[in-house]
Amino acid sequence: MVRGCTEGWCARFVERHHSALNFALLVVGYILYLIIGAGIFSAIELPYEHELRQELTAARRDFLSNNTCVSDARLDELLARALEASNYGVSVLGNDTSHNWDFVSSLFFTSTVLTTTGYGHTVPLSDEGKAFCIFYSLFGIPVTLFFLSVVVQRIMVLVSRRPVSYFHRRWAMSKSMLATIHATCLGIIMTLLLLIIPAWIFTSLEKDWGFLESLYFCFISLTTIGLGDYVPGETHSKGNNPHPQLYRLAITVYLLLGLVCVLVVLETCCELPQMRRLRQRFYQENIRELDSETTNIIDRDHMTDQLTEPSDHVADHLPAIPSVSEQAASLQQDSKSYMPASGSAVNGKLR
């Protein structure tokens with residue numbers, strides 16, 4: 001009996017707090033995902049880091065042995081200065097004569113800042129530039145998010161909602177199945193147009209990139225991760241790229257349009273009925289725990305939505321129902337029209 005009561009209490013507890021328990025499981029699962037990812041990255045990358053450190057140590061030792069006139073301290077000063085300049089996007093190599101802050105390069109920088117991609121290969125050098133970057137991003141990032149949301153919603157009507165509604169009426173299929181098929185096809189098409197084909201193009205344009213590096217750059221950029229280890233145009237020489245400004249401008253346009261397309265695909269997937277039901281498992285409230293007033297408001301709003309949506313086109317043809325005060329006023333006017341003009345006239349008729 002005690003066991004049955006305990007099981008019944010546990011079942012009631014799980015039923016009442018299922019959304020909170022699902023949310024707790026989601027948090028624990030996400031933390032485990034982070035830990036597993038960190039462990040895998042550490043196991044893969046740590047040996048390569050040790051190998052690279054050994055190569056640099058050997059190269060440093062060979063340089064000092066072949067150039068005895070250079071002291072260890074002076075070499076450290078030169079390397080520290082070169083690394084500091086490289087972090088600001090300035091290379092000390094003799095064949096690098098490109099500028100990071102011409103107009104097209106600055107346009108590329110502003111697009112990466114406002115879309116929060118932020119490669120980090122070019123950063124403001126002066127205090128004035130750093131202060132302006134804060135001010136510019138403070139207003140620019142919210143405006144960019146608002147702009148992208150408006151553009152994505154307008155594209156969603158043309159690309160996702162209308163096609164699903166059209167085929168739903170034409171083929172009489174369920175919207176859930178049509179939305180899933182449409183999202184799958186849209187994801188495949190966008191993968192081909194935004195990742196595969198651009199990666200193949202970058203492979204032919206960037207001499208130091210293979211297909212994997214090009215695909216890696218496209219994915220990291222369009223997902224706004226922006227690690228900055230691969231940036232197109234940084235390895236070009238003037239012989240390989242006669243129009244570097246046009247090339248950088250084309251990359252800027254590709255990143256902006258690609259980001260919009262990625263957001264359209266993500267929004268299409270988020271609007272799937274399966275995704276909506278999945279999200280409701282983590283924040284759906286128990287209606288029995290709501291007070292009666294809140295429940296009545298929810299029911300009334302739901303009934304209003306059901307009544308107003310199909311009857312918008314016939315609302316103008318239906319007669320208006322008068323309110324209670326209007327009906328009372330009309331009844332008073334009707335009763336006055338049947339009343340005699342004065343009491344003497346009534347007495348005269350009676351006589």
Step by step, work out the side-chain contact (heavy atoms from CB on, under 4.5 Å) result for Thr122 and Phe108.
-> CA-CA 10 Å; Thr122 302; Phe108 181 74; over 6 Å; no

In terms of hydrophobic clustering (I, L, V, M, F, W, Y; side-chain heavy atoms under 4.5 Å; direct or indirect links), are Leu205 and Ile251 co-clustered?
-> yes

Stepwise, does the side-chain contact (heavy atoms from CB on, under 4.5 Å) test hold for Val152 with Met156?
-> CA-CA 6 Å; Val152 168; Met156 282 284 296; 4.0 Å; yes

What's the spacing between Arg170 CZ and Ser165 OG if we round to 0.5 Å?
-> 14.5 Å

Which residues share a salt bridge (charged side-chain N to carboxylate O under 4.0 Å, His left out) with Arg61, sequence neighbours left out = none

CZ/Arg276 to OG/Ser176 distance, rounded to the nearest 0.5 angstrom?
-> 10.5 Å

Hey, any chance Val151 and Leu193 share a hydrophobic cluster, counting ILVMFWY side chains that come within less than 4.5 Å of each other, even indirectly?
-> yes

Quick one: name the residues clustered hydrophobically with Phe167, using the 4.5 Å side-chain heavy-atom rule over I, L, V, M, F, W, Y, and just say none if it's on its own.
-> Val164, Tyr166, Trp171, Met173, Met177, Leu178, Ile181

For Glu45, enumerate each residue passing the salt bridge (charged side-chain N to carboxylate O under 4.0 Å, His left out) test, keeping only those at least two apart in sequence or located in another chain.
-> none

For Asp102 and Ser105, indicate whether the former's side chain and the latter's backbone hold a donor-acceptor pair under 3.5 Å.
-> yes

Should Ile196 and Val262 be regarded as members of a common hydrophobic cluster, given that ILVMFWY residues are connected when their side-chain heavy atoms come within less than 4.5 Å of each other, either directly or indirectly?
-> yes

Atom pair CD1/OG of Ile44 and Ser42 - distance to nearest 0.5 Å = 9.5 Å

Donor-acceptor pair, side chain of Thr252 and main chain of Arg248, under 3.5 angstrom = yes

Side chain to side chain contact (heavy atoms under 4.5 Å, CB included) partners of Val157, counting only residues at least two apart = Arg161, Arg162

Sorted by chain and residue number, the ring pair (Phe, Tyr, Trp, His ring centres under 6.0 Å) partners of Trp101 (sequence neighbours excluded) come out as Phe109

Does any N or O in the side chain of His182 come within less than 3.5 Å of the main-chain N or O of Val159, such that one atom is a donor and the other an acceptor?
-> yes

Nearest heavy-atom approach of His168 to Ser174 is ND1-C, 4.2 Å

Within residues 121-143 or reaching into it, pairs that qualify as salt bridge (charged side-chain N to carboxylate O under 4.0 Å, His left out) - sequence neighbours excluded = none

Cys270 and Arg279: which non-hydrogen atoms are nearest, and at how many Å?
-> O-NH1, 2.9 Å

Tell me the salt bridge (charged side-chain N to carboxylate O under 4.0 Å, His left out) pairs involving residues 104-115, sequence neighbours left out?
-> none

Kindly indicate whether the side chain of Lys175, heavy atoms from C-beta on, has any atom under 4.5 Å from the side chain of Pro273.
-> no

One should read off an interatomic distance between Leu192 CG and Ile197 CD1, to the nearest 0.5 angstrom, of 4.5 Å

Could you tell me which residues satisfy side chain to side chain contact (heavy atoms under 4.5 Å, CB included) with Ile134, sequence neighbours excluded, listed by chain and number?
-> none

Where Thr268 and Ala183 come nearest, the two heavy atoms and their spacing = CG2-CB, 4.0 Å

Let me know which of Thr223, Thr224, Leu255 forms a side-chain contact (heavy atoms from CB on, under 4.5 Å) with Thr117.
-> Thr224

Under 4.5 Å between side-chain heavy atoms, hopping through other hydrophobics if needed: is there a path connecting Leu266 to Leu145?
-> no

Can you sort out the partners of Phe63 under ring pair (Phe, Tyr, Trp, His ring centres under 6.0 Å), two or more places apart, ordered by chain and number?
-> none

For the residue pair Cys269 and Met275, what are the closest heavy atoms and their distance?
-> O-CG, 3.0 Å

Are Leu259 and Ile189 connected in a single hydrophobic cluster, I mean Ile/Leu/Val/Met/Phe/Trp/Tyr linked by side-chain heavy atoms less than 4.5 Å apart?
-> yes

Taking every heavy atom of Ile201 against every heavy atom of Ser204, the minimum-distance pair comes out as O-OG, 2.7 Å

Check the pair Leu222, Leu195 against side-chain contact (heavy atoms from CB on, under 4.5 Å), reporting the backbone distance first and the verdict last.
-> CA-CA 9 Å; Leu222 296 182; Leu195 293 178; 4.2 Å; yes

Non-hydrogen atoms of Ser137 and Pro142 that approach each other most closely | O-CD, 3.9 Å

Could you give the side-chain donor-acceptor pairs of residues 211-220 under 3.5 Å, partners two or more places apart or in another chain?
| from | atom 1 | to | atom 2 | distance (Å) |
| --- | --- | --- | --- | --- |
| Glu213 | OE1 | Gly210 | N | 3.0 |
| Ser214 | OG | Thr203 | N | 3.4 |
| Ser214 | OG | Thr203 | OG1 | 3.2 |
| Ser214 | OG | Gly210 | O | 3.0 |
| Tyr216 | OH | Asp229 | OD2 | 2.9 |

Tyr119 side chain near Leu227 side chain, heavy-atom distance below 4.5 Å = no

Taking only residues at least two apart or on different chains, which pairs with a member in residues 74-85 satisfy side-chain hydrogen bond (donor to acceptor under 3.5 Å, both in side chains)?
-> Arg60-Asp76, Arg74-Glu77, Arg81-Glu84

Does a donor on one side chain and an acceptor on the other come within less than 3.5 Å for Ser160 and Glu271?
-> no

Euclidean distance, Leu138 CG relative to Tyr136 OH, rounded to 0.5 Å = 13.0 Å

Keeping the roles fixed (side chain from Asn22, backbone from Arg281), state whether a donor-acceptor pair exists under 3.5 Å.
-> yes

Give, for atom CG of Leu186 and atom SG of Cys261, the distance between the pair rounded to the nearest 0.5 Å.
-> 8.5 Å

Can you name the residues that form a side chain to side chain contact (heavy atoms under 4.5 Å, CB included) with Phe139, not counting sequence neighbours?
-> Phe135

Go through the steps for Tyr254 and Phe202 under the test side-chain contact (heavy atoms from CB on, under 4.5 Å), then give the verdict.
-> CA-CA 12 Å; Tyr254 160 72; Phe202 282 124; 4.2 Å; yes

Any side-chain heavy atom of Leu46 sitting closer than 4.5 Å to one from Phe41?
-> no

